[in-house]
Structures are given as structure tokens and as C-alpha cells.
Visitor: 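The following block contains the structure, expressed as C-alpha cells.
Numbers for residues simply follow the sequence, beginning at 1. All values below come from the heavy atoms of this structure, side chains included, with hydrogens, waters and symmetry mates left out.
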Amino acid sequence: MFMVNLYGDSLTFAGRDLLETWQPGAVVLFGSNITTPERIAGLTNSYQETMINAGGVPLFVAVDQEGGIIAHLREGFTIFPVPMLLTATANSELAFDVGTAMAHELRAVGVNMNLAPVADLNTNINNPIIGRRSPGTNPELVSMALAEVVQGMQSAGVMATVKHFPGHGDTGEDSHTQLPIVSNDRARLDAIELPPFIAAINADVGAVMVSHIWYTQLEPQPNTPASLSQSIVTGLLREELGYEGIIMTDALDMDAIDTVLSPEEASLAAIYAGNDLIAIGANVGEQMQARSMQAVVDAVRNGELAESRIDASVRRILEAKARFGVLDWSPLDTTQIDLNPPENAPLIETLFAQGITVLQDDENPLVPLDPTRTVGIVFPGNEIRVGQFCTAENVRLLAITDHPVQDEINAVVTLSTQVDTIVVFTRDAYYDDAQSSLVNALPPDRTIVVALQSIYDWLRFPDVAGYMMTYSPIAPASQIACEILLGERPAMGESAVDLSAFLYANPTP
């Protein structure tokens with residue numbers, strides 16, 4: 001019932017002893033474990049071989065591989081864009097393909113459980129931990145994409161974990177540092193937060209991770225996080241929503257938990273609440289993890305915890321391991337690691353081609369650009385693809401720095417007086433006063449903004465005539481944005497985020 005962490009990119013004596021002695025159900029990979037794909041595959045081989053030689057059951061080997069800003073496996077792996085881009089495509093087949101592609105790479109290094117996808121809706125602009133990790137704000141669009149990603153991932157043999165139930169999107173705090181409090185009523189949860197989780201449950205997702213957030217309308221006991229709430233874990237998720245898979249905690253070393261409870265106390269509380277799998281976290285050593293497991297054994301032996309309660313969780317874990325082929329584990333050939341196959345590059349290109357979204361005044365659309373009118377295109381100098389692909393006879397290009405000084409702003413203003421339309425590529429302008437000042441110095445009725453990273457840039461200049469969101473700055477975002485601007489391909493994306501809902505929400509850049 002425990003997901004442990006073991007320090008290092010090779011199996012240490014302490015790690016081997018923990019596996020042999022306690023035979024946990026799962027191991028999670030963190031930064032200290034991750035080097036080259038070949039070394040990762042060798043490490044996961046050593047984990048599994050140790051368990052089997054000790055007479056134990058093969059492990060779930062897990063990692064956080066969400067895509068976008070949270071992807072622990074990077075060197076040699078395909079870099080997938082943020083989930084919002086996938087949501088914006090509104091393409092179920094594409095979502096399935098993304099889940100499958102991610103799973104193939106995970107399986108190649110011995111990972112059989114992904115702590116993803118995120119189901120939290122991006123409803124609070126001041127959320128310090130979810131933000132661009134979220135797949136969007138539209139429950140219907142997110143639910144469709146989420147279910148297909150889950151099915152694609154699991155069809156390729158990797159168990160998906162939808163998180164952070166019942167939703168971490170509407171918090172203004174980070175549960176890594178404190179206990180967030182959400183007071184939304186049940187009607188709001190049913191309409192906004194819960195549908196993506198229900199869609200994942202209907203897609204037969206293998207695991208649901210529960211958050212460390214106090215939902216005051218669901219849990220009457222003060223300062224009780226969802227992860228330790230029997231009302232939420234057992235009452236809502238297991239009984240009311242009918243979920244029969246693995247319920248697991250978020251890491252118990254997060255400050256929302258470990259500033260109040262010891263690992264032993266938190267582990268027991270999580271089991272009492274109804275969790276099947278207990279995630280300890282990266283900041284707890286082998287000895288303390290062993291003490292947490294001993295605390296559960298002691299609780300059963302002294303009659304505080306029914307053995308039947310343990311049996312129910314172990315049965316779910318073993319059934320899931322059988323379902324995903326974990327019980328039939330065989331060692332990987334670490335000299336033949338198949339990562340980043342050629343078909344993944346066109347998959348990423350298709351994501352941008354179908355997901356990049358254009359918002360503009362439909363009465364006077366400026367995108368695509370009129371080839372008979374002059375255009376100035378301003379872009380960060382290190383976004384070289386803009387200079388390569390946004391070229392045409394009627395286009396003048398101007399490269400600037402990421403944080404333009406006044407002389408650069410003056411040069412852009414001058415350019416705007418010499419052309420009919422001005423296009424500015426921004427990168428996190430919502431958080432950068434200099435970029436925002438540049439855009440706001442331009443005539444809004446002739447200005448188009450292309451936001452390469454933050455979706456929120458528009459909030460700093462909502463009167464611009466056109467706004468394009470690429471959602472992610474990785475290649476080929478700027479290339480396809482240029483092709484859309486120049487009319488070489490249509491803009492196909494459906495906005496993954498309702499930006500107008502944030503205009504009067506007192507955002508704090």
C-alpha cells in the first residue's frame with residue numbers, strides 16, 4: 001500500500017534493504033533518480049529484480065510526466081506541450097494518440113504508472129501551483145480530452161492517475177507549502193470541478209490522486225484535507241461516484257500535511273480515510289518510510305485497523321497490476337531504448353496546427369493578414385523561427401529583447417506609424433511590465449498579439465484587435481503561428497480558457 005522513493009540514480013544499499021524488507025507496492029522516480037534513458041531503464045530493472053529475488057510482487061514504477069512544465073523525464077524523451085494545447089484541438093483521436101505516445105516512452109524505461117493527467121480546471125488566475133498545468137477552464141472540452149488521454153495511455157500499458165481530486169484549480173495557495181481552503185458549494189463542484197474526474201472514472205482510469213485541500217462544504221472537520229477525509233475519499237469518490245480503482249494520496253511530505261502530522265500519523269489517517277496507496281514523497285528518507293509502514297502493521301496487530309481494510313486495498317492494487325501487465329514483468333534491454341520515435345514530431349506539429357487559437361473582433365478580422373496591406377512584426381530576438389517563417393513582401397520584421405527598454409518601445413511605436421497592421425509576439429507579457437507597456441503604446445485597433453507562453457497576456461491589453469494563443473513556446477509554435485498569420489493555414493483551435501472570466505477577478509501579475 002506504499003509508494004516509496006529511493007534516493008539516487010543507482011540502487012543503494014539502503015534502498016535495496018527497504019525493498020527487500022518491506023516489499024512496497026510502488027516506487028516513484030524523482031530528480032535524483034533521473035539521468036539518461038539507459039540509466040533509468042537500468043535503475044527500474046534493478047528495482048524489479050530486487051523485488052522478485054526477495055519473493056515479492058513486481059512494483060508499480062511511477063513518475064510525474066504531465067507534459068509541459070511538469071515532465072520529469074526530458075533527456076531523450078519527446079517534449080510534449082502543455083495540456084491546454086491538446087484541449088484546444090477538441091480532437092478526441094489526437095488526445096488518444098498523445099496518451100499512447102507518452103505511454104510508449106514511459107514503458108521503454110520501465111515506468112508503468114504515470115502520475116498524470118491533471119484534471120484541475122484553471123479557474124483561479126492567482127493559483128500558484130496549477131496554472132499552465134491545467135488542461136483548461138471548459139469542463140466539457142477538458143472532460144473529452146482527459147478521457148481520451150487516459151484511454152490512450154492505458155491501452156499502451158501505462159496506468160494513468162488523474163489528479164488532484166476533487167480539484168486543485170480554484171486555490172490561491174500551494175499545498176506544498178500550506179493547507180489551501182476551498183469553500184465552493186456542491187452545486188459548483190458538480191458543475192465545474194467534478195466533471196473531468198467523472199469523465200476519467202468513466203474511462204476506467206487506474207488511479208485517482210486525492211489533494212491536500214480542505215473542502216469546507218464536503219468535510220465538516222476543521223482543517224482536514226481531502227486526502228485524509230473519509231467523507232471525500234470513501235463517501236464521495238468511492239461510494240457516491242462509484243470509483244472502484246486505486247485511490248491514492250498526494251505526497252504526504254507536503255507542508256499541508258507534514259507540518260501537522262508525522263509520516264506515521266499521516267499514513268494511518270490516509271488509510272482510515274479510505275486510500276489504497278500512500279505516497280510518502282521525495283523528502284522522507286528510507287528509515288522514516290520504514291517507520292510509516294511499521295506503524296500500519298502495528299495498528300493492524302493491536303486491533304486499531306481491521307485487516308480486512310488492508311485486504312481490500314491490496315486486492316485493488318494486485319488487480320491493477322494484473323490488468324497492466326506488471327505481474328508479468330521482464331527485464332528491459334538497456335541497449336535498445338526506443339524513445340522519441342519519428343512519428344512524434346508530426347504529432348506535436350498536428351497539436352499546434354489544430355490547437356493554436358485566434359480571438360479577434362469578427363466585425364473587422366485582422367487574421368489572416370491582408371497581403372495588400374503593410375505589416376510590422378515584432379518578436380523576441382531569440383525566437384528565430386519568427387524571423388524565418390513570418391516573411392513576406394509586405395512584412396517588416398523587428399527583433400527586440402525579452403524585456404524591452406524604452407528605446408526599443410520607441411522603435412516599435414515608430415514602426416507602427418509606418419505600417420497598416422502591427423503584430424507583437426509576446427512571451428509572458430502578463431508578468432512583464434515592459435512587454436505590456438510596449439503593446440499598450442500601440443494603436444489597439446491595428447494591433448495583433450501572439451502569446452507564445454502565458455495564456456493571460458491578453459488581460460494586460462484586452463482592447464487589441466486580434467489575439468492568438470499558442471499555449472506553449474516549444475517548436476513548432478512560432479512557425480505555425482506565422483503560417484496562420486500569413487494565411488497559409490487556418491486557425492483551428494477552440495479556446496481552452498475563458499479569458500473574459502478573469503478580467504475583473506483582481507488578478508495579480
Visitor: What's the spacing between Asn33 CG and Asp9 CG if we round to 0.5 Å?
Guide: 8.0 Å
Visitor: Using the rule side chain to side chain contact (heavy atoms under 4.5 Å, CB included), only one of Ile356, Val386, Val423 pairs with Val450; which is it?
Guide: Val423
Visitor: Closest approach of Thr44 and Val109, non-hydrogen atoms and distance?
Guide: OG1-O, 2.8 Å
Visitor: Is the number of heavy atoms from other residues, nucleotides or ligands under 6.0 Å of Glu93 CD greater than 12?
Guide: no
Visitor: Please answer whether the main-chain N or O of Gly206 pairs with a side-chain N or O of Gln154 as donor and acceptor at a distance below 3.5 Å.
Guide: yes
Visitor: Might you work through the side-chain hydrogen bond (donor to acceptor under 3.5 Å, both in side chains) test for Gln65 and Asn114, ending with a clear yes or no?
Guide: CA-CA 6 Å; Gln65 195 76 354; Asn114 193 4; over 6 Å; no
Visitor: Let me confirm one number: the CH2-OG distance from Trp214 to Ser227, rounded to the nearest 0.5 Å.
Guide: 14.0 Å
Visitor: Just checking, is any N or O donor in the side chain of Thr426 or Asp457 under 3.5 Å from an acceptor N or O on the other one?
Guide: yes
Visitor: Can Ile246 and Val208 be said to form a side chain to side chain contact (heavy atoms under 4.5 Å, CB included), step by step?
Guide: CA-CA 6 Å; Ile246 294 172; Val208 175; over 6 Å; no
Visitor: Could you walk me through whether Glu244 and Arg323 pass the salt bridge (charged side-chain N to carboxylate O under 4.0 Å, His left out) check?
Guide: CA-CA 14 Å; Glu244 290 298 328; Arg323 174 185 172 191; over 6 Å; no
Visitor: Between Gln230 (side chain) and Gly235 (backbone), is there a donor-acceptor pair under 3.5 Å?
Guide: no
Visitor: Looking at CG of Leu94 and CD of Glu148, how far apart are the two atoms once the value is rounded to the nearest 0.5 Å?
Guide: 10.5 Å
Visitor: Taking Ser134 for the side chain and Asn122 for the main chain, is one N or O donor matched with an acceptor at less than 3.5 Å?
Guide: yes
Visitor: Between Asp255 and His176, is any side-chain donor less than 3.5 angstrom from a side-chain acceptor?
Guide: no
Visitor: Should Met3 and Phe60 be marked as a side chain to side chain contact (heavy atoms under 4.5 Å, CB included) after you check the CA-CA gap, both sets of side-chain angles, and the distance that decides it?
Guide: CA-CA 8 Å; Met3 176 179 283; Phe60 275 125; 5.6 Å; no
Visitor: So, for Phe352 and Ala477, which heavy atoms are closest and what is the spacing to 0.1 Å?
Guide: CE2-CB, 3.4 Å
Visitor: Of the non-hydrogen atoms in Ser436 and Phe461, which two are nearest, and what is the gap between them?
Guide: CA-CE2, 4.1 Å
Visitor: Any sub-3.5 Å donor-acceptor pair from Gln435's side-chain atoms to Asp402's backbone N or O?
Guide: yes
Visitor: If you compare all heavy atoms of Gly167 against all heavy atoms of Ile213, which two are closest, and at what distance to 0.1 Å?
Guide: O-CD1, 3.6 Å
Visitor: Rounded to the nearest 0.5 Å, what separates atom CG in Asp498 from atom OG1 in Thr123?
Guide: 11.5 Å
Visitor: Keeping Lys163 on the side-chain end and Ala207 on the backbone end, is there a donor-acceptor pair under 3.5 Å?
Guide: no
Visitor: Salt bridge or not for Arg385 and Glu483, using N-O below 4.0 Å?
Guide: no
Visitor: Over all heavy atoms of both residues, which pair between Gly381 and Ala399 is shortest? Give the atoms and the distance, please.
Guide: CA-CB, 3.9 Å
Visitor: Hey, what do you get for CG (Asp250) to OG1 (Thr161), rounding to the nearest 0.5 Å?
Guide: 11.0 Å
Visitor: For residues Glu239 and Thr234, determine if any side-chain heavy atom of one lies less than 4.5 Å from a side-chain heavy atom of the other.
Guide: yes
Visitor: Step by step, would you call Leu106 with Val61 a side chain to side chain contact (heavy atoms under 4.5 Å, CB included)?
Guide: CA-CA 10 Å; Leu106 295 177; Val61 179; over 6 Å; no
Visitor: Step by step, work out the salt bridge (charged side-chain N to carboxylate O under 4.0 Å, His left out) result for Asp64 and Arg133.
Guide: CA-CA 12 Å; Asp64 287 281; Arg133 296 169 64 191; 5.5 Å; no
Visitor: Residues two or more places apart in sequence or in another chain: which of them pass ring pair (Phe, Tyr, Trp, His ring centres under 6.0 Å) with Phe165?
Guide: Phe197
Visitor: Can you give each donor-acceptor pair under 3.5 Å made by side-chain atoms of residues 97-104, sequence neighbours left out, with the distance rounded to 0.1 Å?
Guide:
| from | atom 1 | to | atom 2 | distance (Å) |
| --- | --- | --- | --- | --- |
| Thr100 | OG1 | Phe96 | O | 3.0 |
| Thr100 | OG1 | Gly152 | O | 3.2 |

Visitor: One pair to check against ring-ring contact (aromatic ring centres under 6.0 Å, His included): Tyr456 and Tyr430. What are the steps and the verdict?
Guide: CA-CA 6 Å; Tyr456 301 133; Tyr430 178 74; 5.5 Å; yes
Visitor: Does CD belonging to Gln479 count more than 12 external heavy atoms closer than 6.0 Å?
Guide: yes
Visitor: Using only heavy-atom distances, determine whether the side chains of Thr216 and Ser183 contain a donor-acceptor pair under 3.5 Å.
Guide: yes
Visitor: Can you check salt bridge (charged side-chain N to carboxylate O under 4.0 Å, His left out) on Arg107 and Asp338, steps first, answer last?
Guide: CA-CA 9 Å; Arg107 291 282 297 190; Asp338 181 21; over 6 Å; no
Visitor: Roughly how far, to the nearest 0.5 Å, is the SG atom of Cys390 from the CG atom of Leu486?
Guide: 5.5 Å
Visitor: Taking the side chain from His212 and the backbone from Ala251, do they hold a donor-acceptor pair closer than 3.5 Å?
Guide: yes
Visitor: Return the minimal non-hydrogen interatomic distance between Pro346 and Pro342, and the atom names on each side.
Guide: CD-O, 3.1 Å
Visitor: Using a strict 4.0 Å threshold on nitrogen-to-oxygen distance, state whether Arg427 and Glu383 make a salt bridge.
Guide: yes
Visitor: Do other residues, nucleotides or ligands put more than 12 heavy atoms under 6.0 Å from Gln178 CD?
Guide: yes
Visitor: Is it true that a side-chain atom of Thr171 and a backbone atom of Glu173 form a donor plus acceptor pair closer than 3.5 Å?
Guide: yes
Visitor: Between Glu219 and Ser229, do the side chains contain a donor N or O and an acceptor N or O under 3.5 Å apart?
Guide: yes
Visitor: Looking at His403, is its backbone amide N or carbonyl O close enough to the side chain of Asp432 to form a donor-acceptor pair, meaning the two atoms are under 3.5 Å apart?
Guide: no
Visitor: Does either side chain, that of Gln354 or that of Asn91, offer a donor lying less than 3.5 Å from an acceptor on the other one?
Guide: yes
Visitor: So, Asp185 versus Gln217: side-chain donor-acceptor pair below 3.5 Å or not?
Guide: no
Visitor: Have a look at Leu237 and tell me which of Ile201, Leu194, Ile232, Asn275 forms a side chain to side chain contact (heavy atoms under 4.5 Å, CB included) with it.
Guide: Ile201
Visitor: Would you please test Glu105 and Thr78 for side-chain hydrogen bond (donor to acceptor under 3.5 Å, both in side chains) and show each step?
Guide: CA-CA 8 Å; Glu105 294 196 337; Thr78 301; 2.7 Å; yes
Visitor: Spell out, as yes or no, whether a donor-acceptor pair under 3.5 Å connects the side chain of Arg238 to the backbone of Gly245.
Guide: yes
Visitor: Would you check if the side chain of Asn127 reaches a backbone N or O of His168 as a donor-acceptor pair within less than 3.5 Å?
Guide: yes
Visitor: I'd like to know if Glu66 pairs up with Arg132 as an ion pair, taking the criterion as any Lys NZ or Arg NE/NH1/NH2 lying under 4.0 Å from an Asp or Glu carboxylate oxygen.
Guide: no
Visitor: Is the number of heavy atoms from other residues, nucleotides or ligands under 6.0 Å of Arg188 CZ greater than 12?
Guide: yes
Visitor: Do Ser313 and Asp276 pair up side chain to side chain, a donor and an acceptor below 3.5 Å, judged on atom types alone?
Guide: yes
Visitor: Between Thr357 and Tyr471, is any side-chain donor less than 3.5 angstrom from a side-chain acceptor?
Guide: yes
